[in-house]
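Below: one structure, written as structure tokens.
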Amino acid sequence: MPKPTIVLVHGAWADASSWNAVASDLQGQGFTVLAPPNLLRAVAIDAPYITSFLAQRTSGPVVLVGHSYGGFVITNAATGADNVKALVYVDAFIPDEGETVFQILGGSGSAFDIPDPTAVFDIAGYPGAPE
């Protein structure tokens, strides 16, 4: 199988430039790497956009990589793209197809409004931080 094209999809609080270091490293290994903008409108808009991007800009196998909210986007974009061979989630939501962030978060709309935030976040303190 030929080397896949790697498509990096950013999360809600970033842009495609957040992948620069990763893209450079992968390109140095001989991969074609694309980092399209994630429109950040809603999964129902963002996922079809990424599917359309894949259809227009890739041929051959694709590995879709999503960070944070990008996990929702890649899960749903992959359902419309036959050439997607793998999904990679980087500190991302990993929904079932069609599942919403509100369903994962228990309907509250906030990732912080759950009994155990460590179920959603990998929390790391900083020196002098309050407990």
Side-chain angles (χ1 to χ4, degrees):
M1 177 168 43
K3 278 191 170 190
T5 298
I6 300 175
V7 178
L8 306 170
V9 179
H10 65 82
W13 296 329
D15 64 20
S17 69
S18 64
W19 289 111
N20 284 351
V22 172
S24 293
D25 187 47
L26 291 167
Q27 288 167 335
Q29 296 175 47
F31 290 96
T32 298
V33 180
L34 304 171
N38 184 351
L39 301 178
L40 305 177
R41 301 291 185 248
V43 174
I45 295 169
D46 301 341
Y49 168 76
I50 295 297
T51 302
S52 174
F53 177 90
L54 296 175
Q56 295 175 55
R57 299 291 307 274
T58 66
S59 60
V62 170
V63 173
L64 268 179
V65 181
H67 169 252
S68 186
Y69 163 76
F72 279 100
V73 176
I74 68 168
T75 295
N76 290 282
T79 62
D82 294 336
N83 60 336
V84 174
K85 302 304 178 191
L87 299 175
V88 177
Y89 297 87
V90 178
D91 201 14
F93 290 100
I94 306 173
D96 289 330
E97 181 183 341
E99 188 174 30
T100 68
V101 70
F102 297 110
Q103 290 168 318
I104 288 177
L105 299 176
S108 72
S110 171
F112 294 106
D113 188 21
I114 58 174
D116 180 10
T118 62
V120 177
F121 293 104
D122 180 11
I123 299 172
Y126 58 91
E131 199 59 37

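One-based numbering along the sequence shown.
- In this structure, Phe93 and Phe72 have tilted ring planes: the angle between them lies in the 30° to 60° band.
- Side-chain N or O atoms of His10 include one that pairs as donor or acceptor with a backbone N or O of Asn38 at under 3.5 Å.
- Clustering ILVMFWY residues whenever any of their side-chain heavy atoms sit less than 4.5 angstrom apart, transitively, puts Leu54 in a cluster other than the one holding Phe31.
- Residues Val88 and Val22 share a hydrophobic cluster, clusters being chains of Ile/Leu/Val/Met/Phe/Trp/Tyr side chains in contact below 4.5 Å.
- For Ala16 against Pro36, the heavy-atom pair with the smallest separation is CB-O, 4.1 Å.
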Determine, stepwise, if the pair Val73 / Tyr49 fulfils side-chain contact (heavy atoms from CB on, under 4.5 Å).
CA-CA 9 Å; Val73 176; Tyr49 168 76; over 6 Å; no

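- Under the side-chain hydrogen bond (donor to acceptor under 3.5 Å, both in side chains) criterion, Asp46 pairs with Tyr69, sequence neighbours left out.
- Counting only distance, with no hydrogens or angles, the side chain of Ser52 and the backbone of Pro48 share no donor-acceptor pair below 3.5 Å.
- Residues Lys85 and Val63 fail the side-chain proximity criterion, which asks for heavy atoms closer than 4.5 Å.
- By the side-chain hydrogen bond (donor to acceptor under 3.5 Å, both in side chains) test, Thr5 is found to be paired with no residue, residues two or more places apart in sequence or in another chain being considered.
- At a threshold of 4.5 Å between non-hydrogen side-chain atoms, the residues Leu8 and His67 do not count as touching.
- Of the possible polar contacts, one joining the Thr79 side chain to the Asn76 backbone as a donor-acceptor pair under 3.5 Å is found.
- Side-chain heavy atoms closer than 4.5 Å link hydrophobic residues (I, L, V, M, F, W, Y) into clusters, and following such links, even through other members, never connects Val9 to Ile6.
- Pairing each heavy atom of Gly11 with each of Ser68, the nearest pair is CA-CB, 4.1 Å.
- Between Leu34 and Phe53 the shortest side-chain heavy-atom distance falls below 4.5 Å.
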* side-chain contact (heavy atoms from CB on, under 4.5 Å) between Trp19 and Val33, intermediate numbers included -> CA-CA 10 Å; Trp19 289 111; Val33 180; over 6 Å; no

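- Sorted by first and then second residue, the side-chain hydrogen bond (donor to acceptor under 3.5 Å, both in side chains) pairs involving residues 26-36 (not counting sequence neighbours) are Asp25-Gln29.
- Note on Leu87: it does not cluster hydrophobically with Leu26, by side-chain heavy-atom contacts below 4.5 Å among ILVMFWY residues.
- Residue Val84 is grouped with residue Tyr89 when hydrophobic side chains (ILVMFWY) are merged at heavy-atom distances under 4.5 angstrom, including chains of intermediate members.
- Put simply, the side chain of Ile50 reaches to within 4.5 Å of the side chain of Leu64, judged on heavy atoms.
- Nearest heavy-atom pair, Pro95 versus Gly71, reported as atom, atom and distance to 0.1 Å: CD-O, 3.9 Å.
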